[in-house]
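So the structure is just underneath, and the comments pick up after that.
Nothing here was measured: the structure is a model prediction, and the numbers come from that model.
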Amino acid sequence: MKQKPIKKPNKKKVVRNNFVELILLVIIILSLFSILMPLLFLNNNNTSQNVELKTQNILVTTEKNFYNSGEDVVLFIENNFNKSIYLKPCESQNRFERKINNIWYEISSTDKEIDYDKSGFNKEEKIVNCRVKLLSNEKGVYRSVVQAFYDCKKPGEEECRQSEIFYSNEFRVL
């Protein structure tokens, strides 16, 4: 009886098949990872303690687009967020930035201590109107900087877990 010779496997073919399988496995793992990671981050960001206000929910505008030097600026702060926000009282809404060569520079202010129990910090109205002094009489383009606080235990910025900065429209001082 004649024996058939045993065929030896082609080493190149075996190595190529293992390489292809390895590449496919890596592609599958990366695909699953790229799908699952955003879902994990979305779930973490939706907890009740990590609420972000989002810029479109707080609107800060000025009464006019042009003010004369020395004139008070009238701010309207509108809360379109579904939670209460807390603002410093109007007399403390004196943060402004000036645009010079398309770069915003903060105008330094002297912050005085705020008595939050006697102030309007705990505002829950939908719209707050503030008349404030611009700390500069120089002509130029300005905007107001408003800090909104939320998740507060009681009035006072130290008592709030989170805050965000919002900017008014640009206005010109003539």
- Message: Whether the side chain of Asn169 engages the backbone of Thr62 through a donor-acceptor N/O pair (distance < 3.5 Å, no angle test) should be reported.
- Response: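 Yes; judged by distance alone, with no hydrogens or angles, the pair exists.
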- Between Arg98 (side chain) and Lys139 (backbone), is there a donor-acceptor pair under 3.5 Å?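 Yes, because the side chain of Arg98 sits within donor-acceptor range (under 3.5 Å) of the backbone of Lys139.
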Which value, rounded to the nearest 0.5 Å, describes the distance between [X] atom [atom1] and [Y] atom [atom2]?
X: Gln147; Y: Ile58; atom1: CD; atom2: CD1; answer: 12.5 Å
X: Asn94; Y: Leu75; atom1: CG; atom2: CG; answer: 10.5 Å
X: Leu87; Y: Ser163; atom1: CG; atom2: OG; answer: 11.0 Å
X: Phe166; Y: Ile77; atom1: CZ; atom2: CD1; answer: 10.5 Å
X: Asp72; Y: Cys130; atom1: CG; atom2: SG; answer: 11.5 Å
X: Leu59; Y: Asn79; atom1: CG; atom2: CG; answer: 10.5 Å

Check whether any side-chain heavy atom of [X] sits under 4.5 Å from a side-chain heavy atom of [Y], and report yes or no.
X: Tyr167; Y: Glu97; answer: yes
X: Val145; Y: Ile165; answer: yes
X: Thr61; Y: Ser168; answer: no
X: Val132; Y: Phe96; answer: yes
X: Val173; Y: Asn68; answer: no
X: Phe171; Y: Tyr67; answer: yes

- Enclosure of Lys99 NZ (heavy-atom neighbours >12, cutoff 6.0 Å):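 Yes.
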- Identify the two heavy atoms, one from Ile107 and one from Ser136, that lie closest to each other, and give their separation to 0.1 Å.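 Smallest heavy-atom distance, with atoms named: CD1-CB, 4.0 Å.
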- Answer yes when Arg131 and Glu63 have at least one side-chain N-carboxylate O distance shorter than 4.0 Å, and no when they do not.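 Answer for the salt bridge query: no.
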- Note: Arg143-Glu170 ion pair, threshold 4.0 Å (strictly below):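 Between Glu170 and Arg143 there is no salt bridge, as every charged N stays at least 4.0 Å from the carboxylate O atoms.
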- Item | Joint cluster assignment, Val60 & Trp104, ILVMFWY side-chain distance < 4.5 Å |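 Val60 and Trp104: separate clusters.
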- Query: For the hydrophobic clusters of this structure (ILVMFWY residues joined by side-chain heavy atoms under 4.5 Å, transitively), does one cluster hold both Ile100 and Ile103?
  - Reply: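 The answer is yes; both residues are in one hydrophobic cluster.
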